[in-house]
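Structure first, commentary second.
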Amino acid sequence: MIGVFVPERPRFTAPERVTTLNDDAARDEDPTLTGDLLEIHFMSERGASQDIWISRRADLDSPWETPTVELAEKLNSADNDDTPSISNDGLRMWFFRNSAQQTGIWMSERASRSDPWGDPSYVEALNPGHEGGTQAMNAHVDLPELRVVVGLNGPETQGWDLAIASRERPEDAWGAFAPLDELNDEGDQLAPFLFDDGRQILFRSGDDLFWARRQSTDEPFGEPEPLDELNDPAARENDPYLSPDGATLFFSSERSGGTDIYEARRAAP
C-alpha cells in the first residue's frame, strides 16, 4: 500500500481518459475526490469562466454522472475559481479564487454531503505574504488535516515554489509556512499532493509529475523522481489526486490535444 512508508516510488498502469467527466471543447482539470471516490470536484471552462463542477457515482463500478455546476453554486463567482481540494469526508473545500477583491485561497464548508456548499471565506493563514505581493494557490490539506502544502509566487520565490505548514490538531490554527527548498528550482512547482503522514508527496514540476519521499517529517525530502509512466513528453501533466488506499490516481493531462482528466491504477509490485 502507498499509504504506508515504502522506499520505492509508486508505479502506475497506463492512464485512461475519464470520458464522462471531460468536455471535448473545454479545459477540464484539478480533480479532487472524497475519500470514498464517489464524488469528484474539478475545474472546467465549459461555462463562461473557470468554475468548479461536480460529478457523483453510485458506487465504484458505476459510471460518473453528467457533471453539473449547479451543485457548486456557492463555490463559483464571476471571477475564476479553480484548484479545488476537498477533505476526506467531503465537508470542507479549499480552492483558489482570482478575485479583484481578495485573490488567493478560500474555504467553504457544508453540513453533509447532501447539503449545498456554504458561503466561502478568504483564509488569511493560507495566503502568507499576500500583503507584500505573494500569491498562494493549489492548496492541498492532507488526509488528517494536519499539514497543508501550497504553491507560492512572490518577491522571495523563484517562480512558483512549494511551501508547507502544519498544526497539532485540525481545530488548531495553522503554523508558519516553510519553503520546501529541496523540491523547488528555478521553474514552477505546483499542484502538491501530500500523503503517508507527510512523508511522501506528488507534485508538478515544469510539465511533468514527480514523486518524493522522506524518512520522517523532521527531515527534508529526497531527490524527486519523475512518474515516467504517466508523463507524456509532448504534453503537460498536472493536478495529481491519490486515493486514500493508494490504488487510484486521478490527474489532468494535455495529451489529448485539450486538457482532460485521466485515471491510472497502482501497478502490482
Side-chain angles (χ1 to χ4, degrees), residues 27 29-30 32 43 45 49-50 52 75 77-85 92-108 120-142 145-168 172-194 198 200-214 217-224 226 236-240 251-252 254 259:
R27 183 158 64 105
E29 58 186 20
D30 304 326
T32 182
M43 190 284 292
E45 289 185 332
S49 64
Q50 294 180 6
I52 297 172
L75 301 179
S77 66
D79 303 302
N80 289 335
D81 302 284
D82 57 26
T83 64
S85 176
R92 289 163 298 286
M93 173 76 75
W94 298 266
F95 65 99
F96 176 78
R97 172 167 290 174
N98 187 9
S99 168
Q101 185 179 27
Q102 282 182 311
T103 292
I105 297 166
W106 292 60
M107 180 186 178
S108 177
S121 58
Y122 183 79
V123 186
E124 192 78 24
L126 298 187
N127 292 286
H130 63 93
E131 294 181 352
T134 296
Q135 183 173 313
M137 70 179 300
N138 265 158
H140 173 248
V141 178
D142 71 353
E145 299 185 33
L146 299 180
R147 301 170 190 87
V148 58
V149 187
V150 302
L152 298 179
N153 189 343
E156 298 182 359
T157 68
Q158 306 173 80
W160 285 103
D161 286 348
L162 299 180
I164 188 169
S166 62
R167 56 189 179 185
E168 292 295 324
D172 292 341
W174 290 108
F177 275 91
L180 292 172
D181 291 329
E182 66 274 23
L183 302 181
N184 296 320
D185 60 27
E186 294 180 355
D188 288 336
Q189 283 70 49
L190 274 170
F193 188 93
L194 195 67
Q200 300 188 60
I201 190 171
L202 304 173
F203 65 99
R204 172 173 71 83
S205 180
D207 289 339
D208 292 330
L209 297 180
F210 282 76
W211 166 86
R213 68 173 177 90
R214 55 187 177 180
T217 55
D218 296 326
E219 301 179 41
F221 284 98
E223 184 71 21
R236 168 176 286 184
E237 273 63 61
N238 208 355
D239 314 312
F251 68 103
S252 67
E254 296 178 348
T259 304

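Residues forming a salt bridge (charged side-chain N to carboxylate O under 4.0 Å, His left out) with R92 (at least two apart in sequence, or on another chain): D89, E145. Remark: F96 pairs with no residue by the ring-ring contact (aromatic ring centres under 6.0 Å, His included) rule, at least two apart or across chains. For S77, the side chain to side chain donor-acceptor pair (under 3.5 Å) partners two or more places apart in sequence, or in a different chain, are D81, R97. Scored by the side chain to side chain donor-acceptor pair (under 3.5 Å) test, T83 finds no partners at all (sequence neighbours excluded). The salt bridge (charged side-chain N to carboxylate O under 4.0 Å, His left out) check on R204 picks up nothing, with sequence neighbours excluded. Residues forming a salt bridge (charged side-chain N to carboxylate O under 4.0 Å, His left out) with R27 (at least two apart in sequence, or on another chain): E29, E45. Residues that satisfy the side chain to side chain donor-acceptor pair (under 3.5 Å) test with S108, not counting sequence neighbours, are absent from this structure. Listed by chain and number, the residues in a side chain to side chain donor-acceptor pair (under 3.5 Å) with E219 are S216 (sequence neighbours excluded). Qualifying salt bridge (charged side-chain N to carboxylate O under 4.0 Å, His left out) partners for D188, counting only residues two or more places apart in sequence or in other chains: none.
Across every non-hydrogen atom of V141 and S85, the tightest pair is N-OG, 3.9 Å. Scanning both residues, A165 and G175, for their nearest heavy atoms gives CB-O, 3.5 Å. Contact record, G222 with A212: O-CB, 3.9 Å, taken as the closest heavy-atom pair. Taking all atoms of both residues into account, the shortest heavy-atom contact from V150 to P192 is N-CG, 4.4 Å.
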Tell me which donor-acceptor pairs under 3.5 Å the side chains of residues 127-139 have, and how far apart each pair is, sequence neighbours excluded?
residue	atom	partner	partner atom	Å
N127	OD1	I105	N	2.8
N127	ND2	I105	O	3.1
N127	ND2	V123	O	2.6
H130	NE2	E124	OE2	2.6
N138	OD1	A191	N	3.0

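Taking CG of L75 as the reference point, atom CD1 of I52 lies at 5.0 Å (rounded to 0.5 Å). Distance CD/E237 to CZ/F210: 11.0 Å, rounded to 0.5 Å. Here the CZ-CG distance, from R213 to L202, works out to 14.0 Å after rounding to the nearest 0.5 Å. Atom-to-atom distance recorded for M93:CE and W106:CH2 is 15.5 Å, nearest 0.5 angstrom. Distance check, rounded to the nearest 0.5 Å: CZ of F203 to CZ of F221 gives 9.0 Å. With values rounded to the nearest 0.5 angstrom, L152 atom CG is found 6.5 Å from F177 atom CZ.
Pairs engaging residues 172-186 under the side chain to side chain donor-acceptor pair (under 3.5 Å) rule: R169-D172, D185-Q189 [sequence neighbours left out]. Sorted by first and then second residue, the salt bridge (Lys or Arg N to Asp or Glu O under 4.0 Å) pairs involving residues 133-142 (not counting sequence neighbours) are D142-R147.
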Query raised in the report: Given the rule in the side-chain contact (heavy atoms from CB on, under 4.5 Å) test, do I164 and L194 qualify, once you have shown the distances and angles that lead to the verdict?
Result: CA-CA 10 Å; I164 188 169; L194 195 67; 3.9 Å; yes

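S252 pairs with exactly one of N238, D239, D30 by the side-chain hydrogen bond (donor to acceptor under 3.5 Å, both in side chains) rule, that one being D239.
At least one side-chain heavy atom of N80 sits less than 4.5 Å from a side-chain heavy atom of S49.
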